[in-house]
Protein chains: 2
Amino acid sequence: MARKQGSHSDITGPRVRAAALKLFAAHGFAAVSMRQIAAEVGVQAGALYLYTPDKQTLLSDLLETHMGEVLSAWQAELPRIEARGGGPEAGLDAFARFHIRFHLARPQAVFISYMELRNLTPENFAKLEAMRKQYEDGLEQILIEGKARGLFDVSDTKLTTLALISMLNGVLTWYKPEGRLSLDRVESIYADMVSKSVRAQERSAQIA
Amino acid sequence: MARKQGSHSDITGPRVRAAALKLFAAHGFAAVSMRQIAAEVGVQAGALYLYTPDKQTLLSDLLETHMGEVLSAWQAELPRIEARGGGPEAGLDAFARFHIRFHLARPQAVFISYMELRNLTPENFAKLEAMRKQYEDGLEQILIEGKARGLFDVSDTKLTTLALISMLNGVLTWYKPEGRLSLDRVESIYADMVSKSVRAQERSAQIA
DNA sequence: GTCTATACAATGATAGAC
DNA sequence: GTCTATCATTGTATAGAC
């Protein structure tokens, strides 16, 4: 029989995206059906097409929204770095802590951002790649400046940028909020490893 | 004993696994159909079931074979570490270089080993996790020994193990054999970052 | 051992009733 | 705006011919 008649487009739209995000993160884009998403929302499959032209667009909207949030959140972080002196060391520490904190607060969006890129159309993929590159460039600039000042010993800033981000992303694969380590502790350990891995050697014995 | 004209089980079996590996890595387990795998091999879909009971087993066989190769290859590497003195510093360097080299030689298998774990049945997943843990323990033992000797400054060996492996795995996302950096160079840069990120501070100025 | 043929559920997406 | 009903297609897997 006829179920609810109410107009819910303003609330159902976000719920559709939330359900898709949750299910894509849990099972993968290709493994999740529109019917599953609809069931999670509590509507029929056909109703989803009021909120997205197709499944592919639903995915790319989630990814673009996420990367947009990453970029603007990092922009918002920059004044805080200046307040700490603004040098490359402060910047690198801030980047590591920001990355850990922000990503752990949005594990599902981060997860699909790294897993489901290949399910995007070439156009959508290119747009996401450009945003990701912009974020990476923020870190690389810090490395470049630190290297120029002799603070960092980095032979290849591009490679090092990617290596550091990979290390930081790894936290997603194991971190559990109820685990033995607090978020602050995890942040500090990672920030310390990042810092040490690029720091120029103080004059002292090298290992053989 | 009637001779058959197309007896190829000894060659078709490996080709089925090779095709599945290639397609799973390229598009994801859930996105690849048995029909696609069959087309890649050049047989009909039904013929695949001569070589695997089902799609899920095809995946878990690929992953278990790969992890078995990782473990035995690392075992084979241990004598080489002894030859270099056998200390934690030599061990850590050897691990980083081994991991980079071995993984870059099998990018597809490594890729699905990290991406498709969630598509395994709980039993198959548990088996794979145990093998992965065994590999990680090899690295953690090096860190534990280095920490005990005062060579490494590592506050949490488990977390550091995961962070280092994440960093090393990252090479897969960007390395191209025809790129601007040689494999040796990449190996060296990563091994250097790994080494520095855990090395105990020589006495000298700390950053503020 | 490999094929064709097929079973039969599930998929993404659309049309039209209310 | 949501529903039911439906479309063409594709999914995994099996049966039986040769």
Side-chain angles (χ1 to χ4, degrees), chain A residues 1-24 26-63 112 116 118-121 123-124, chain B residues 1-24 26-63 112 116 118-121 123-124:
Chain A
M1 305 309 286
R3 283 280 302 158
K4 46 202 66 171
Q5 286 286 0
S7 176
H8 300 302
S9 77
D10 53 340
I11 186 72
T12 305
R15 291 188 64 221
V16 168
R17 286 186 287 277
L21 174 62
K22 170 182 169 180
L23 291 171
F24 289 165
H27 309 109
F29 174 77
V32 173
S33 70
M34 294 298 267
R35 283 175 174 83
Q36 283 176 276
I37 298 171
E40 178 82 17
V41 175
V43 300
Q44 296 298 314
L48 296 180
Y49 292 88
L50 294 168
Y51 308 101
T52 182
D54 51 36
K55 193 186 176 190
Q56 151 79 208
T57 305
L58 187 50
L59 173 64
S60 72
D61 282 350
L62 290 173
L63 299 190
I112 64 173
E116 307 296 355
R118 62 183 169 189
N119 286 305
L120 295 175
T121 59
E123 298 76 29
N124 289 334
Chain B
M1 77 183 190
R3 271 302 197 176
K4 41 251 158 262
Q5 318 159 299
S7 180
H8 298 303
S9 78
D10 53 339
I11 188 71
T12 305
R15 291 189 63 219
V16 168
R17 286 187 287 278
L21 174 62
K22 170 183 169 180
L23 291 172
F24 290 165
H27 308 110
F29 175 76
V32 173
S33 70
M34 294 299 266
R35 285 193 228 271
Q36 284 176 275
I37 298 171
E40 178 82 16
V41 175
V43 299
Q44 296 297 313
L48 297 181
Y49 292 87
L50 294 168
Y51 308 101
T52 182
D54 51 36
K55 193 186 175 190
Q56 152 78 207
T57 305
L58 188 50
L59 174 64
S60 73
D61 281 350
L62 289 174
L63 298 190
I112 64 173
E116 308 296 354
R118 63 182 168 189
N119 286 305
L120 294 174
T121 60
E123 299 76 28
N124 289 334

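Numbered from 1 within each chain, the chains take letters A, B, ... in sequence-line order.
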Inset, instruction - Select base, sugar-phosphate, or nothing to describe what B:Val32 touches, counting heavy atoms under 4.0 Å on all strands. - result: sugar-phosphate
Legend entry - Base of D:dT10 paired with side chain of B:Arg35 (donor-acceptor, under 3.5 Å): no
Inset, instruction - Determine: side-chain N/O of A:Thr12 to OP1/OP2 of D:dT2, distance under 4.0 Å, yes or no. - result: yes
Legend entry - For atom CG of B:Leu50 and atom C1' of D:dT14, their distance in whole Å: 12 Å
Inset, instruction - Can you measure from CG (A:Leu59) to CG (A:Leu21) and round to the nearest 0.5 angstrom? - result: 10.0 Å
Inset, instruction - Using a cut-off of strictly less than 4.0 Å, decide whether B:Ser33 has a side-chain nitrogen or oxygen near OP1 or OP2 of D:dT10. - result: no
Legend entry - Rounded interatomic separation in angstrom, taking NZ from A:Lys55 and P from C:dA13: 8 Å
Legend entry - A:Met34 side chain, from C-beta outward: closest of D:dA13, D:dG1, C:dA13: C:dA13
Legend entry - Atom-pair distance (OH on A:Tyr51; P on C:dA13), nearest Å: 17 Å
Legend entry - Euclidean distance, atom OH of residue B:Tyr49 to atom C1' of D:dA13 [Å, nearest integer]: 5 Å
Inset, instruction - Examine distances only and state if a side-chain atom of A:Glu116 and a backbone atom of A:Phe29 form a donor-acceptor pair shorter than 3.5 Å. - result: yes
Legend entry - Interatomic distance where CD1 belongs to A:Ile11 and C1' belongs to D:dT2 [whole Å]: 16 Å
Legend entry - Any side-chain heavy-atom pair of B:Leu58 and B:Ile37 under 4.5 Å: yes
Inset, instruction - Look only at the side chain of A:Gln56 and the backbone of A:Asn119, and say whether a donor-acceptor pair between them is shorter than 3.5 Å. - result: yes
Legend entry - Taking every non-hydrogen atom, the tightest pair across B:Leu62 and B:Arg17: CD2-O, 3.7 Å
Legend entry - Per B:Asp54 side chain, nearest of listed nucleotides D:dG11, C:dC3, D:dA13: D:dA13
Inset, instruction - On DNA chain D, check which nucleotide each of B:Gln36 and B:Ala47 is closest to and give me the residue with the more 5' one. - result: B:Gln36
Legend entry - Interatomic distance where CG belongs to B:Leu48 and C1' belongs to D:dG11 [whole Å]: 13 Å
Inset, instruction - Provide, to the nearest angstrom, the distance between the CD atom belonging to A:Gln44 and the C1' atom belonging to C:dA17. - result: 14 Å
